[in-house]
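For reference, the structure is listed below as structure tokens.
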Amino acid sequence: MSGERPAAALKRTRVRDHLRDLVEARSPGDPIPSERALCEELGVSRPTLRAAVDELVATGLLVREHGRGMFVAPEKVVQEMAMASEGSAFSVPRAAGSWAGRVLEFATVPAGARLGRRLRISPAAELTRIARLRLVDGEPMAIEHLHIPAALVPGLAPADMESGDFYDLLRERHGVRVREAVQSIEPTVTNEAESRLLGVPVLSPALLFERLTSDAGGRPVEYVHSVYRGDRYRIVSRIAFDDGPPGRNSGPTGPSSGTDVGGTAHHPGFPPGGLPGRPGGRSTTTGDVQPPG
């Protein structure tokens, strides 16, 4: 792999992030500036911009209308998987295999408006921005883009991100104890640069992860977006249902704050009312690395 290929992937990521900023600042149906205007503003070629637009169209953030231009797409239907009851957690055990990282980019940059809002810091505050290729047993599995307030990780070096558990490092070296994260997962496809890094055909199925992690005091400490190979990684949920009376959403330790799979609410994979008499429960999710096909 030449030294320019990761740079091309990162350039496209920055274009995509700018487009995401435009989407977040607008409402569904609002127009996006023309390709010509965006190319001039960002200093990129038309093919680079179109590739980034293609990704956001594929993930449902933008729509193209022939002869009219680009618009912010309609809002998506959101399905939240919440903790089922007081004291129960949404658990994410470690995935199988030997995980390592190869750092593609390591830089200190201003947070900017969008990431500043997510991390609750000033747009002028410094972020440590890291892009790394995640490998399992030596094989490419994912591309991660991490954004961490630089003040939390003084002395962090690229070598720190190539092995070990990042959350262990945060706790042991920097005194930051992560407590919870809000993570979304949705289907996507790989672009040309991602496919090259992951060793898969262009437009291969993939999973897009976005995660905001907070410490024990509720302070955001990390924002990550990642692309995982769809042919080698899957999400498995284990759901434990309570035995309470039908129509009541109560867990073993008290009232549940999760979805009621026995009532009118919806639980992933189960139609409303599809499991009468099973009103609530706990769920755990694991990442499952699949053997090569």
Side-chain angles (χ1 to χ4, degrees), residues 10 13-14 16-17 20-21 23-24 55-56 59-61 76 78-83 89-97 99-101 103-106 109 111-112 114-121 125 127-136 140-150 152-153 156 160-161 164-171 174 176-188 190 194 198 206-230 232-237 258 268 283-289:
L10 297 170
T13 295
R14 294 192 189 104
R16 184 175 60 213
D17 285 345
R20 284 177 176 269
D21 286 341
V23 169
E24 289 193 3
E55 294 175 45
L56 297 194
T59 56
L61 292 179
K76 294 184 179 181
V78 177
Q79 173 65 66
E80 181 181 5
M81 296 182 68
M83 66 174 61
F90 191 78
S91 172
V92 184
R94 296 177 188 267
W99 288 74
V103 174
L104 305 174
E105 180 191 36
F106 191 99
V109 298
R114 182 173 64 93
L115 293 176
R117 286 194 302 271
R118 289 183 183 273
L119 292 164
R120 301 211 301 264
I121 59 177
L127 280 184
T128 298
R129 184 177 65 200
I130 304 161
R132 62 177 178 171
L133 182 66
R134 299 304 307 275
L135 306 125
V136 179
M141 185 62 58
I143 303 167
E144 288 186 340
H145 298 269
L146 299 89
H147 306 82
I148 309 141
L152 297 181
V153 288
L156 186 69
D160 297 325
M161 306 302 298
D165 186 293
F166 179 57
Y167 294 152
D168 288 345
L169 183 145
L170 282 180
R171 182 183 65 253
H174 302 286
V176 177
R177 296 180 176 273
V178 298
R179 175 68 178 271
E180 64 179 14
V182 176
Q183 178 167 274
S184 66
I185 309 168
E186 58 185 283
T188 187
T190 57
E194 291 165 344
L198 294 173
L207 294 171
L208 174 64
F209 288 73
E210 289 193 77
R211 182 174 69 253
L212 182 66
T213 307
S214 303
D215 66 8
R219 172 184 56 175
V221 298
E222 172 202 50
Y223 169 69
V224 183
H225 63 90
S226 311
V227 174
Y228 276 71
R229 287 176 54 172
R232 292 292 313 282
Y233 198 81
R234 69 176 178 176
I235 304 300
V236 179
S237 295
S283 62
T284 61
T285 296
T286 64
D288 185 3
V289 177

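- Looking only at side-chain heavy atoms (C-beta outward), Asp215 and Val178 stay at 4.5 Å or farther from each other.
- Residues satisfying the ring pair (Phe, Tyr, Trp, His ring centres under 6.0 Å) test with Phe166, not counting sequence neighbours, are none.
- For Arg120, the side-chain contact (heavy atoms from CB on, under 4.5 Å) partners are Pro220, not counting sequence neighbours.
- Side-chain atoms of Arg179 and Ser214, non-hydrogen and from C-beta on, never get closer than 4.5 Å to each other.
- Within the 4.5 Å cutoff, no side-chain heavy atoms of Tyr233 are placed close to those of Val136.
- Looking at Ile148 and Ile130, their side chains come closer than 4.5 Å, going by heavy atoms from C-beta outward.
- Taking His225 as the reference, His145, His147 meet the ring pair (Phe, Tyr, Trp, His ring centres under 6.0 Å) condition, with sequence neighbours excluded.
- Residues satisfying the ring pair (Phe, Tyr, Trp, His ring centres under 6.0 Å) criterion with Phe209, sequence neighbours excluded, are Tyr228.
- The shortest distance between side-chain heavy atoms of Leu152 and His174 does not fall below 4.5 Å.
- Interatomic distance, Leu198 CG to Leu133 CG, rounded to the nearest 0.5 Å: 6.5 Å.
- Side-chain atoms of Arg211 do not come within 3.5 Å of backbone N or O of Ala181 as any donor-acceptor pair.
- Taking the side chain as every heavy atom from C-beta outward, Glu55 and Thr188 never approach each other to under 4.5 Å.
- Within the model, atoms OH of Tyr167 and CD of Glu222 stand 3.5 Å from one another, a figure rounded to the nearest 0.5 Å.
- Looking at residues two or more places apart in sequence or on another chain, you find a side-chain contact (heavy atoms from CB on, under 4.5 Å) between Val103 and Phe106, Pro158, Met161, Glu162.
- Distance CG/Leu207 to OG/Ser184: 11.0 Å, rounded to 0.5 Å.
- To the nearest 0.5 angstrom, Ile143 atom CD1 is 10.5 Å from Arg229 atom CZ.
- The closest side-chain heavy-atom distance from Leu127 to Ile121 is below 4.5 Å.
- What you find for Ala206 and Thr190 is that their closest heavy atoms are CB-CG2, 3.9 Å.
- Taking the side chain as every heavy atom from C-beta outward, Leu156 and Leu169 approach each other to under 4.5 Å.
- From Arg20, atom CZ reaches atom CD of Glu210 across 5.0 Å, with rounding to the nearest 0.5 Å.
- Under the rule for a side-chain contact (heavy atoms from CB on, under 4.5 Å), the partners of Arg177 that lie at least two apart in sequence or sit in another chain are Arg171.
- Considering Arg117, Arg114, Arg14, Arg16 as possible partners of Asp21, the one that fulfils the salt bridge (charged side-chain N to carboxylate O under 4.0 Å, His left out) test is Arg114.
- A distance of 6.5 Å separates CG of Leu146 from OG of Ser226, quoted to the nearest 0.5 Å.
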